[in-house]
Amino acid sequence: MLRLIVDIGNTNIKFGLFKDNVLSKVKILSTPQYRPTDLKTIFKSNKITSVYIGSVVKNIELRIAKDIYAISKIKAKIINIRDFESSFNLSQFNKKEIGLDILAFALFIKNKYKSGIGISFGTATFAVAVNNKTIKGVVIAPSIQLGIHQLNETTSLIKTKSFGQIKNQLSFGKNTNQSLASGASHMAKGFIESIQKYASDNYNIKNVYISGGKSYYLHFVNNMSNVATIDNAVLLGYNQLFRH
């Protein structure tokens with residue numbers, strides 16, 4: 001059985017192929033540049049039996065589901081907040097506002113570790129604190145990537161590489177790129193430490209799990225206590241809704 005999980009974010013669409021509930025392959029496409037023809041290679045080379053779509057971008061999931069059906073004749077299941085209600089008590093949240101990607105990350109933590117803090121560094125930065133069936137709350141912050149772009153647009157700084165292309169460091173820089181890399185690293189590290197301390201003090205939750213497209217460049221997390229990096233946590237969380 002080959003299951004396709006589609007995670008639609010503001011910047012990228014991730015297509016995760018799960019064989020017997022194990023993530024075997026991930027294909028990443030640009031959300032703004034998505035075209036139906038992009039799907040052909042995914043379905044041509046894989047014998048997919050079911051498709052599930054989770055999205056934080058309004059209405060695009062319906063468009064992609066229609067394109068998938070046209071190519072494969074598979075009717076995709078659109079993931080919604082009701083799919084998570086058997087796993088979490090969501091009565092304290094505004095269900096129209098909480099992102100499905102946040103819930104998917106929370107579900108992954110619940111099933112894998114029982115409790116922990118999930119932090120995603122993507123187009124936006126979010127943190128979610130989980131203790132078994134309880135989501136303690138969510139923090140959302142602007143992304144470091146967008147901050148670097150804003151600096152380039154509104155200041156006299158030289159045009160720098162994107163956050164993902166700058167080797168992160170915590171030492172003081174000797175040129176603009178190094179200095180921005182250091183600033184990005186300190187901001188990310190400070191965010192992690194602040195969230196970790198608050199969750200530890202208030203909920204006795206100490207372990208932090210980092211994911212998201214920009215997490216691969218946060219090399220300093222390897223030296224942080226009770227912090228680990230998890231690849232594709234949102235895809236894994238979506239898949240756990242439908243594993244058998």
Side-chain angles (χ1 to χ4, degrees), residues 1-19 21 23-88 90 93-111 118 120-126 128 135 138 140 143 145-146 211-214 230-244:
M1 181 179 69
L2 198 59
R3 180 184 301 129
L4 179 67
I5 304 290
V6 185
D7 171 24
I8 305 173
N10 291 290
T11 301
N12 293 317
I13 304 172
K14 285 187 176 182
F15 296 85
L17 285 168
F18 287 81
K19 185 176 182 180
N21 289 314
L23 182 59
S24 60
K25 189 184 299 183
V26 177
K27 183 177 178 62
I28 301 175
L29 300 174
S30 166
T31 304
Q33 297 175 12
Y34 163 78
R35 300 170 302 173
T37 52
D38 294 328
L39 298 171
K40 290 185 177 180
T41 56
I42 297 174
F43 284 90
K44 184 177 180 180
S45 56
N46 300 285
K47 294 182 180 179
I48 297 167
T49 55
S50 59
V51 180
Y52 300 88
I53 302 175
S55 178
V56 298
V57 184
K58 190 175 182 180
N59 296 329
I60 191 173
E61 71 271 22
L62 298 175
R63 174 184 161 197
I64 292 179
K66 182 179 178 180
D67 294 338
I68 287 173
Y69 185 79
I71 291 171
S72 67
K73 302 307 178 190
I74 296 174
K75 187 175 181 180
K77 153 72 178 173
I78 306 296
I79 299 170
N80 59 60
I81 195 167
R82 292 187 297 275
D83 294 311
F84 293 92
E85 290 182 331
S86 62
S87 300
F88 297 111
L90 300 175
F93 292 97
N94 183 332
K95 296 179 183 179
K96 295 181 180 180
E97 293 182 354
I98 188 167
L100 295 181
D101 55 343
I102 295 173
L103 294 176
F105 201 162
L107 183 62
F108 169 77
I109 291 173
K110 171 184 174 290
N111 289 341
S120 175
F121 288 95
T123 305
T125 300
F126 73 74
V128 57
I135 296 177
V138 179
I140 300 175
S143 75
Q145 173 73 73
L146 292 177
S211 196
K214 304 299 181 290
I230 307 294
D231 292 338
N232 302 304
V234 172
L235 277 175
L236 294 169
Y238 281 140
N239 183 65
Q240 289 174 355
L241 288 170
F242 308 104
R243 64 183 183 179
H244 301 293

*T11 to P32 - nearest heavy-atom pair and separation*: O-CD, 3.5 Å
*Quick one: CD1 on I71 to NZ on K44, what's the gap to the nearest 0.5 Å?*
12.0 Å
*Report the distance from atom CD1 of I5 to atom CG of N239, rounding to the nearest 0.5 Å.*
5.0 Å
*Would you indicate whether the side-chain heavy atoms of D231 and V26 approach each other to under 4.5 Å?*
no
*asked:* Within the structure provided, determine whether D83 and L103 are in side-chain contact (heavy-atom separation under 4.5 Å).
replied: no
_Between OH on residue Y238 and CZ on residue F105, distance to nearest 0.5 Å_ = 12.5 Å
*Between N46 and I48, is there a donor-acceptor pair closer than 3.5 Å when you use the side chain of the first and the backbone of the second?*
no
*Are the side chain of S24 and the backbone N or O of L17 linked by a donor-acceptor pair below 3.5 Å?*
yes
*If you round to the nearest 0.5 Å, how far is CZ of F18 from CG of L235?*
5.5 Å
*How about I81 and F93: do any of their side-chain heavy atoms sit closer than 4.5 Å?*
no
*Which pair of non-hydrogen atoms, one from L107 and one from Q240, has the smallest distance, and what is that distance?*
O-OE1, 3.3 Å
*Which heavy atom of I53 sits nearest a heavy atom of A76, and at what distance?*
CD1-CB, 3.8 Å
*Look only at the side chain of T49 and the backbone of L2, and say whether a donor-acceptor pair between them is shorter than 3.5 Å.*
yes
*asked:* Taking the side chain as everything from C-beta on, heavy atoms only, tell me whether V234 gets closer than 4.5 Å to S211.
replied: no
*Please work out which of the three classes, parallel, tilted or perpendicular, describes the rings of F242 and Y52, given edges at 30° and 60°.*
parallel
*Find out whether K95 and E85 are in side-chain contact, i.e. whether some heavy atom of one side chain is under 4.5 Å from a heavy atom of the other.*
yes
*Please round to the nearest 0.5 Å and tell me the distance separating atom CG of L39 and atom CD1 of I64.*
7.0 Å
_Qualifying residue for side-chain hydrogen bond (donor to acceptor under 3.5 Å, both in side chains) with K14, from T31, N232, D7_ = N232
*Of all the heavy-atom pairs spanning S55 and I60, show the shortest one and how long it is.*
OG-CG2, 3.7 Å
*Answer yes or no: is there a side-chain heavy-atom contact under 4.5 Å between L4 and F43?*
yes
*Is there a side-chain contact between I8 and Y34, using heavy atoms and a 4.5 Å cut-off?*
no
*Inter-residue atom distance I42.CD1 - L29.CG, 0.5 Å rounding*: 5.5 Å
